2 protein chains.
Amino acid sequence: MKKQHTFKANGRIWIDGPDGAFLGYGRVELLEKIHELGSIRKAALAMKMSYRQAWEFVQQMNQVLKKPLVVANTGGKGGGQAVLTEEGLKAVEQFREFNGAFQEFLASYSKELTFKPSSK
Amino acid sequence: MKKQHTFKANGRIWIDGPDGAFLGYGRVELLEKIHELGSIRKAALAMKMSYRQAWEFVQQMNQVLKKPLVVANTGGKGGGQAVLTEEGLKAVEQFREFNGAFQEFLASYSKELTFKPSSK
DNA sequence: TACCGTTATTCAAAAAAAAGCATAATGAAA
DNA sequence: TTTCATTATGCTTTTTTTTGAATAACGGTA
């Protein structure tokens with residue numbers, strides 16, 4: 001019989017920049033969706049985030065690095081569009097690596113937990 | 001010249017039990033203060049948490065393990081008191097170890113970040 | 001030039017989370 | 001038996017966080 005872990009080590013990570021939050025799960029997912037859909041609005045809709053918040057995230061992220069992570073154009077065919085830059089792609093990749101290592105860390109630590117649950 | 005890291009890997013961890021959140025920073029600090037001060041109310045005051053929330057945390061934690069982490073007595077000299085059990089002490093210790101390893105993980109990952117800040 | 005859907009922005013509304021207040025119960029000690 | 005500060009609990013208020021509505025600007029394209 002395999003032991004089941006009713007207790008689990010859990011957590012969240014993010015990357016802070018010079019002025020606070022830079023990259024986290026929400027922002028990275030947003031970047032991925034923008035890359036996939038070519039639009040901030042569609043990306044926000046796809047992940048059930050308000051456009052308001054999505055737009056603010058993009059603004060904030062773009063101010064942190066020398067080069068923007070997202071370039072958005074207003075007007076034109078379709079009303080406008082947004083594309084992920086080289087820097088944006090790198091940022092996504094680095095965060096994913098970081099998170100991969102973190103998930104392994106959590107999994108290994110979960111095995112060391114020795115708490116005994118009340119009854120269920 | 002020493003390189004300064006304007007970007008930092010950051011995060012938070014916690015331990016989930018069978019029914020959700022079990023131990024996190026706030027709860028562990030609360031347990032430590034209870035151990036130190038012998039009172040839920042004083043512990044809450046010391047960390048500027050409302051007694052209401054502190055009390056609820058204790059209730060929740062006590063329902064998770066077979067044995068309670070905190071034993072609280074009402075009435076008597078001083079109106080009552082609360083003491084940390086063996087299980088409570090172990091829980092604090094395990095979380096602190098977990099967090100120690102996590103902080104090392106974050107520190108080592110921070111060194112690998114290669115983002116270039118905008119100007120400052 | 002008129003149209004289109006998105007970007008960009010403000011401001012009010014709603015939802016969620018936390019805090020604060022009030023009060024009963026408790027039981028050792030004086 | 002009176003006192004005392006705390007535990008225990010419900011309920012209201014406040015604060016914080018999110019969301020939603022409303023609107024101007026934009027510029028390729030037909």
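Reminder, nothing fancy here: chain letters follow the sequence lines and each chain counts from 1. Everything numeric in this text was worked out from a predicted model, so none of it was measured.
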- Note on the structure: Ranking A/Arg52 and A/Gly78 by the position along DNA chain C of their nearest nucleotide, the one closer to 5' is A/Gly78
- Between C1' of D/dT19 and CE of A/Met47, the distance in whole Å: 15 Å
- Is B/Ser39 near enough to D/dT7 that one of its side-chain N or O atoms lies under 4.0 angstrom from OP1 or OP2? yes
- Figure out the NZ/P separation between B/Lys77 and D/dT7, and round it to whole Å. 14 Å
- Item | Separation between CZ of A/Arg27 and CG of A/Leu30, rounded to the nearest 0.5 Å | 9.5 Å
- Interatomic distance, B/Ile15 atom CD1 to B/Gln94 atom CD [nearest 0.5 angstrom]: 6.5 Å
- To the side chain of A/Thr74, which of D/dT19, D/dC26, D/dT7 is closest? D/dC26
- Item | B/Trp55 vs D/dT7: side-chain N/O to OP1/OP2 distance below 4.0 Å | no
- Message: Quick check: do B/Lys8 and B/Ser110 have side-chain heavy atoms less than 4.5 Å from each other?
- Response: yes
- Message: Would you say B/Lys42 places a side-chain N or O within less than 4.0 Å of OP1 or OP2 belonging to D/dT6?
- Response: yes
- Provide, to the nearest angstrom, the distance between the CG atom belonging to A/Asn73 and the P atom belonging to C/dG5. 18 Å
- B/Tyr51 OH to D/dG10 P, straight-line distance once rounded to whole Å: 13 Å
- From the options D/dA8, D/dT19, C/dA8, select the nucleotide whose nearest atom is closest to the side chain of A/Ser50. D/dT19
- Mind checking the OH-CZ spacing from A/Tyr109 to B/Phe105? Nearest 0.5 Å is all I need. 13.5 Å
- Note on the structure: To the nearest angstrom, the CD-P distance between B/Gln53 and C/dG20 comes to 11 Å
- Message: Taking the nucleotide of DNA chain D with the nearest heavy atom to each, does A/Lys48 or B/Gln81 sit closer to the 5' end?
- Response: B/Gln81
- Rounded to whole angstrom units, what separation is found between the CD1 atom of B/Ile34 and the P atom of D/dA8? 11 Å
- Report the distance from atom CE of B/Met61 to atom CD of B/Glu87, rounding to the nearest 0.5 Å. 13.5 Å
- Item | Interatomic distance, B/Arg41 CZ vs D/dT7 P [rounded to whole Å] | 6 Å
- Task: Would you mind reading off the distance between A/Met49 atom CE and D/dG20 atom P, rounded to a whole angstrom?
- Result: 12 Å
- Item | Spacing of CD1 belonging to B/Ile13 relative to CZ belonging to B/Phe95, to within rounding of 0.5 Å | 4.5 Å
- Message: Can you pull out the residues from residues 56-68 of chain B that lie within a 4.0 Å heavy-atom distance of DNA chain D?
- Response: none
- Classify the nucleic acid contact of B/Gly80 as base, sugar-phosphate or nothing, counting any heavy atom under 4.0 Å across all strands shown. sugar-phosphate
- Task: Measure the shortest side-chain to side-chain distance between B/Phe7 and A/Pro18 over non-hydrogen atoms and say whether it is less than 4.5 angstrom.
- Result: yes
